[in-house]
Amino acid sequence: MSTYQLDTGTSRANPMPQPMRRLTIPAIRQRKVDGATEQPIVVLTAYTARQAQLLDEHCDMLLVGDSLAQVIYGLPSTIPVTLEMMAAHAAAVVRGSYHAVVAVDLPFGCYEASPEQAFASAARLLKESGAAAVKLEGGAAMAPTVAFLSQRGIPVMGHVGLTPQAVNVLGGYGARGRSEAEAAKIVGDARALDEAGAFAVVVEGVVEPIAVAVTEALACPTIGIGASARCDGQVLVTDDMLGMFERVPRFVKRYADLATSVSEAAARYADEVRNRSFPGEDSVYRPT
Ligand code: KIV
């Protein structure tokens, strides 16, 4: 039994008007018309209900990324992430949002073996969380899986360029597409996913001309990260852009310095506990 809240805005089941209708995957796909996207697609990662509540009104899509490995769990890579972890965090994000469409990453090892394996994993994620779509990494090799899922009711976002689940094959997290052969492969991979029915393709960590070439080549929108402002949309790992980490990739812009705020608040709290000024008059219960 899942505990997510359905958007029942259009259902007889709910007489209460919803504050805002949730965006849909077709609405995201249709932002790009004849190769042009007037309104860039705003995407951030989200992993918790409260984070989703704060991001929701500003975003078109919330991505429950398997980057939660490093961001939430302190793991060295995304390889150890499980379907259970993704389902639990995706359900929290759906509960915390009512406007942005929620997409969730298929974790490593849960989809690559066959389209059938991918369908079982993706269906479980959508059933248990209420998310609307999945994202998977990989290029032309994953195109049959993208077609299999999208023809069976599961919208799929592709992910090309730097694909972190393939870190053991790539040998690191450096930018991709510097050689002609690699650049051609990235464009070919993205094209194959588009033709297979992906509703969008994340283009991560590629040299800028490749991001532009992919964006121009695809009918569906591209979502850039470490790519180009000319992509059809952008995504960042929220905790990176909030300044929660000292070490971030070069493409991350910090829009806040939450690490300093958290650390300073914890230091003030510790001082006040140690000098017994907390809890003060306003923070204790008095007998009536
Ligand atoms: O896992 C993730 O957060 C991602 C985005 C960075 C695209 O895949």
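Counting convention: from 1, in listed order, for ligands and their atoms alike. Note that the coordinates shown come from a computational prediction; the quantities given were computed from them, not determined experimentally.
- Rounded to the nearest 0.5 angstrom, Thr48 OG1 and Ile72 CD1 are separated by 6.5 Å.
- With hydrogens and angles disregarded, no donor-acceptor distance shorter than 3.5 Å links the side chain of Glu216 to the backbone of Ala213.
- Compare Leu162, Asp66, Leu44 by their heavy atoms: the one nearest to atom 1 (O) of ligand 1 is in Asp66.
- Considering only non-hydrogen protein atoms, atom 3 (O) of ligand 1 sits nearest to Ser67 OG, 2.5 Å.
- Under the 3.5 Å distance criterion, the side-chain polar atoms of Glu137 are matched with a main-chain donor or acceptor of Gln165.
- The proximity of Asp105 to ligand 1, defined as any non-hydrogen pair under 4.0 Å, is limited to the side chain.
- Polar contact with ligand 1: absent for Glu204 (N/O pair, distance under 3.5 Å).
- Between Glu137 and ligand 1, not a single N/O pair is under 3.5 Å apart.
- If you check which protein heavy atom lies closest to atom 6 (C) of ligand 1, you get Ile225 CD1, 3.5 Å.
- Among protein heavy atoms, atom 8 (O) of ligand 1 sits closest to Lys135 NZ, 2.8 Å.
- Looking at ligand 1, you won't find any N or O of Tyr47 less than 3.5 Å from one of its N or O atoms.
- Of all the heavy atoms of Thr78, none lies under 4.0 Å from any atom of ligand 1, so neither backbone nor side chain is involved.
- Considering backbone and side-chain N/O atoms, Thr45 never comes within less than 3.5 Å of an N/O atom of ligand 1.
- Checked by atom type and distance alone, the side chain of His99 pairs as donor or acceptor with a backbone atom of Cys59 at under 3.5 Å.
- For the ligand labelled ligand 1, residue His159 lies inside the 4.0 Å heavy-atom shell.
- A side-chain donor from one of Glu208 and Ser228 sits under 3.5 Å from a side-chain acceptor of the other.
- Annotation: the span from Arg176 atom CZ to Ile210 atom CD1 amounts to 12.0 Å, rounded to 0.5 Å.
- The backbone N or O of Thr238 lies less than 3.5 Å from a partner atom in the side chain of Thr45, making a donor-acceptor pair.
- Counting the atoms of ligand 1 from 1 in the order shown, those under 4.0 Å from a heavy atom of Gly65 are 1 (O), 2 (C), 3 (O).
- Remark: the Ser97 side chain and the Arg22 side chain contain an N/O donor-acceptor pair separated by less than 3.5 Å.
- Taking only non-hydrogen atoms, the option from Leu68, Thr163, Leu136, Leu63 nearest to atom 7 (C) of ligand 1 is Leu63.
- Interatomic distance, CG of Leu125 versus OH of Tyr111, reported as 12.0 Å (0.5 Å rounding).
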